[in-house]
A.B. asks: 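Please read through the structure below; I'll follow up with questions.
In listed order, ligands and their atoms are each counted from 1.
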Amino acid sequence: MGTCNLFRVHDRAWQNNKYVYPVISRRSGGLSIGINLNPDKACNFDCVYCSVDRTIPPLIRDVDLSVLRAELEQMLEMVLSGELFDAAPFAQAPRQLRRLNDVAFSGDGEPTAFPRFHEACEVIAQVPANRNLTSSCKIVLITNATLLHRREVAQALEVLDHSNGEIWAKLDAGTDAYYRAIARTSVPLNHVLRNILNAGRRRVIVIQSLFVNLDGQPPAAAEITAWLARLRELRDEGCRIKLVQVYTVARRPTECYVSGASDALLDNIACRVRELGISAQPFYGTE
Ligand code: SF4
């Protein structure tokens with residue numbers, strides 16, 4: 001299996017685990033241990049590019065945090081002992097990708113929608129801390145940012161702040177119309193932007209922006225310009241943006257009219273972000 005195919009393997013089922021799964025991640029540049037707090041597939045977005053098939057009913061609906069903790073402890077043990085890299089497909093991973101980068105809240109829905117998210121953060125943070133891994137292993141929250149204003153979510157973010165946490169907040173659009181076409185949600189874009197701003201005023205954050213072709217057509221030039229304007233506004237209003245990840249789909253999206261953006265478009269967008277004085281990195285679908 002080549003590196004390209006390894007990046008496409010994001011199977012959230014790992015052996016008999018319910019919530020914890022390992023992936024070689026493009027954007028992490030190494031091994032990421034995924035935490036699925038949404039086996040029920042709950043999300044308040046319905047992104048056209050989402051790879052979660054919600055036509056298939058979930059096999060598991062509840063999250064048992066003691067089981068989750070045990071699975072994470074066992075997974076860390078497998079990573080640290082090297083046992084994980086004896087198993088397919090990780091045995092094919094090149095040496096430079098065999099480093100543990102992070103434990104990531106990702107999975108089949110929006111992690112902050114999990115009602116015990118604060119408690120989950122405390123449980124997850126404790127596991128690497130018990131092995132003195134806090135400084136070398138990030139805890140990444142991959143989020144659509146819609147619920148960051150909730151008090152209990154804000155408290156959970158403070159737990160992550162003290163545990164080498166990093167927020168990767170989704171921002172795929174610059175106009176309300178395009179945002180609605182992509183995310184198919186009732187949550188207004190302004191609400192998302194306000195949440196990103198407030199989170200980024202408190203700590204340095206990463207923006208993750210996914211671009212796709214719809215019916216073979218890339219986003220309009222005016223849409224890209226509007227998205228860049230939103231980034232500039234966030235920055236000017238005090239949002240501390242460490243990096244903008246400019247990427248596209250690497251796995252089969254839900255909707256057949258969605259396809260990956262070209263490498264050239266991603267390069268161009270990343271270049272325009274850098275012209276704003278903000279770091280940007282493209283991640284290609286064909287990588
Ligand atoms: S926010 Fe994530 S999980 Fe939710 S629909 Fe979009 S891609 Fe899927």
A.B. asks: Among all protein non-hydrogen atoms, which one is nearest to atom 8 (Fe) of ligand 1, and what is the separation to 0.1 Å?
C.D. replies: Cys50 SG, 2.3 Å

A.B. asks: Under 2.8 Å from atom 4 (Fe) of ligand 1, is there an N/O/S atom belonging to Cys43?
C.D. replies: yes

A.B. asks: Yes or no: does Arg184 have any heavy atom under 4.0 Å from an atom of ligand 1?
C.D. replies: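 The answer is no, since Arg184 has no heavy atom less than 4.0 Å from ligand 1.
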
A.B. asks: Quick one: nearest non-hydrogen protein atom to atom 6 (Fe) of ligand 1, plus distance?
C.D. replies: Cys47 SG, 2.3 Å

A.B. asks: Before you tell me yes or no, could you show the steps for Phe114 and Phe105 under ring pair (Phe, Tyr, Trp, His ring centres under 6.0 Å), namely the whole-Å CA-CA distance, both residues' side-chain angles and the distance that decides it to 0.1 Å?
C.D. replies: CA-CA 11 Å; Phe114 175 56; Phe105 289 105; 9.1 Å; no

A.B. asks: Which ligand 1 atoms does Arg54 reach within 4.0 Å, using its non-hydrogen atoms?
C.D. replies: 3 (S), 5 (S)

A.B. asks: Quick test of your reading of the model: are Glu158 and Arg202 salt-bridged, counting only N-O distances below 4.0 Å?
C.D. replies: no

A.B. asks: At under 4.0 Å between heavy atoms, which part of Glu110 makes contact with ligand 1: side chain, backbone, both or neither?
C.D. replies: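 Under 4.0 Å from ligand 1, Glu110 contributes no heavy atoms.
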
A.B. asks: I'd like to know whether Tyr178 forms a ring pair (Phe, Tyr, Trp, His ring centres under 6.0 Å) with Trp227, so could you lay out the CA-CA distance, the side-chain angles of the two residues, the decisive distance to 0.1 Å, and finally the verdict.
C.D. replies: CA-CA 10 Å; Tyr178 189 71; Trp227 173 80; over 10 Å; no

A.B. asks: Side-chain contact, heavy-atom cut-off 4.5 Å: Pro219 with Leu265?
C.D. replies: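 When only atoms from C-beta onward are counted, Leu265 and Pro219 do touch, with a gap below 4.5 Å.
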
A.B. asks: Counting each atom of ligand 1 from 1 as listed, which ones have a heavy atom of Lys170 under 4.0 Å away?
C.D. replies: 1 (S)

A.B. asks: Can a non-hydrogen atom of Lys41 be found less than 4.0 Å from any atom of ligand 1?
C.D. replies: no

A.B. asks: Would you say that more than 12 heavy atoms from the other residues, nucleotides or ligands in this model lie under 6.0 Å from the CG of Asp86, or not?
C.D. replies: yes

A.B. asks: Is a salt bridge present between Arg272 and Glu275, judged by a nitrogen-to-oxygen distance below 4.0 Å?
C.D. replies: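 Glu275 and Arg272: not salt-bridged.
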
